[in-house]
Amino acid sequence: MSGAPPAAPLVLSAPSGAGKTTLANLLRSRNPDVVFSVSATTRPPRPYEVDGKHYHFVDRAGFERMRDAGELIEWAEVHGNGYGTPLENVRRAQAAGQHLLLDIDVQGARQIRARLPDALLVFVLPPSGAALVERLQERGTEDAEVLHRRLRNAEEEIRAAPEFDYLVVNDRLERAAGDLERILRGEGEDLRASDALDERIAGICAEIDARLDPPPVAGGQATGAMTAEPPPRFRI
Ligand code: ADP
Ligand code: 5GP
């Protein structure tokens with residue numbers, strides 16, 4: 001058999017800010033056989049987010065109830081919040097013959113690999129560490145502390161990229177969306193064998209490091225700080 005099985009689930013993982021939500025929206029708008037998996041999360045909604053459309057926003061008790069009742073096919077703690085995929089999403093997409101598009105983190109992707117072996121696992125890389133930092137800052141949805149945490153976590157996520165079936169570099173949106181469409185149709189090119197992958201990953205991580213200040217000193221005494229103002233967290 002060649003190509004992807006019909007209506008295989010498509011998992012998109014990426015460090016925060018790489019552009020997977022933007023890509024997922026584009027892909028879905030152009031492909032009626034793609035349906036977005038609405039996750040449950042304990043994260044508070046961003047101003048533009050709509051309950052039931054972007055996420056099912058639940059409190060911690062509600063999340064734990066869903067998890068303990070086996071209603072989540074996968075779940076993880078990400079950046080300090082609970083996130084999980086309702087099993088119902090998978091059932092509904094399967095019944096409708098649609099590709100379920102899951103925008104989930106690396107821990108969730110590993111669980112989906114184990115539970116849905118026909119799923120296509122795609123890792124979205126930013127073109128550079130600098131671009132990732134800039135995109136996250138420009139999006140402007142996180143305060144400095146949360147942004148810092150997301151960038152710290154980004155490195156760990158990026159290092160998991162070789163575990164995925166496919167890699168897509170989100171340099172230009174159109175090109176990256178085209179790559180995703182080919183993967184969906186079973187015509188994607190497996191880039192894991194690329195010699196340059198390890199170097200690219202190391203380069204992105206080094207650039208993120210270079211943009212992050214050293215971690216705060218215990219006790220709140222930042223060495224060398226001359227003013228009462230907190231030091232800027234990012235060197236941009
Ligand atoms: P994620 O879902 O991975 O956290 P988003 O889709 O929210 O990331 O994208 C982060 C920011 O980067 C957004 O402001 C988005 O408009 C921008 N962005 C996404 N893709 C690109 C791209 N190819 N080129 C430039 N900016 C992009
Ligand atoms: P955000 O808060 O920016 O919407 O998402 C933060 C991270 O959580 C992203 O990496 C996103 O892919 C991931 N995420 C969103 N929904 C789920 C989910 O249902 N399960 C898991 N494991 N991760 C999720």
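Note that ligands are numbered from 1 as they come in the structure, with each ligand's atoms numbered from 1 the same way.
With ligand atoms numbered from 1 in the order given, ligand 1 contributes 5 (P), 6 (O), 9 (O), 15 (C), 19 (C) to contacts under 4.0 Å with heavy atoms of Thr22. Atoms of ligand 1 lying under 4.0 Å from any heavy atom of Gly19, numbered from 1 in the order shown and given with element: 1 (P), 3 (O), 5 (P), 6 (O), 8 (O), 9 (O), 19 (C). Listed by number with element, the atoms of ligand 1 under 4.0 Å from a non-hydrogen atom of Asp171 are 22 (C), 23 (N), 24 (N).
Judged by the shortest distance from any of its heavy atoms, Ala14 lies outside the 4.0 Å radius around the atoms of ligand 1. Not close to ligand 1: Val124, with no non-hydrogen atom less than 4.0 angstrom away.
Listed by chain and residue number, Ile73, Gln94, Leu100, Leu116 satisfy the side chain to side chain contact (heavy atoms under 4.5 Å, CB included) test with Val90 (two or more places apart in sequence, or in another chain). In this structure, Glu156 has no side chain to side chain contact (heavy atoms under 4.5 Å, CB included) partners at least two apart in sequence or on a different chain. Residues satisfying the salt bridge (charged side-chain N to carboxylate O under 4.0 Å, His left out) test with Asp171, not counting sequence neighbours, are Arg175.
Applying side-chain contact (heavy atoms from CB on, under 4.5 Å) to Val122 and the options Leu167, Leu180, Asp179, Val11 leaves one that passes, Leu180.
For atom 10 (C) of ligand 1, the closest non-hydrogen atom of the protein is Gly17 O, 3.6 Å. Residue, atom and distance of the protein heavy atom nearest to atom 7 (O) of ligand 1 are Arg139 NH1, 2.8 Å. Atom 23 (N) of ligand 1 has Asn170 OD1, 2.9 Å as its closest protein atom, hydrogens excluded (heavy atom only). Ranking the protein heavy atoms by distance from atom 18 (N) of ligand 1 puts Arg135 CD, 4.0 Å first. With respect to atom 2 (O) of ligand 1, the closest heavy atom belonging to the protein is Thr21 OG1, 2.4 Å.
If you check the side chains of Thr41 and Asn81, you find no donor sitting under 3.5 Å from an acceptor. Neither side chain, Arg150 nor Asn153, offers a donor N or O lying under 3.5 Å from an acceptor on the other.
Near ligand 2, Lys20, Ser39, Arg43, Arg46, Tyr55, Glu74, Ala76, Val78, His79, Tyr83, Gly84, Thr85, Asp103, Ile104, Asp105, Gly108, Arg150 each place a heavy atom less than 4.0 angstrom from the ligand.
Taking 4.0 Å as the cut-off between side-chain N and carboxylate O, Glu142 and Arg149 do not count as a salt-bridged pair. Ion pairing between a basic and an acidic side chain is recognised when a charged N comes within 4.0 Å of a carboxylate O; Asp118 and Arg113 show no such pairing. Here Arg139 does not pair with Glu134 in a salt bridge; the nearest charged N to carboxylate O distance is not below 4.0 Å.
Proximity of Arg159 to Cys205: side-chain heavy atoms (C-beta onward) are separated by under 4.5 Å at one or more points.
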Run Glu71 and Arg65 through salt bridge (charged side-chain N to carboxylate O under 4.0 Å, His left out) and show every step you take. CA-CA 9 Å; Glu71 291 173 18; Arg65 190 201 56 72; 3.3 Å; yes

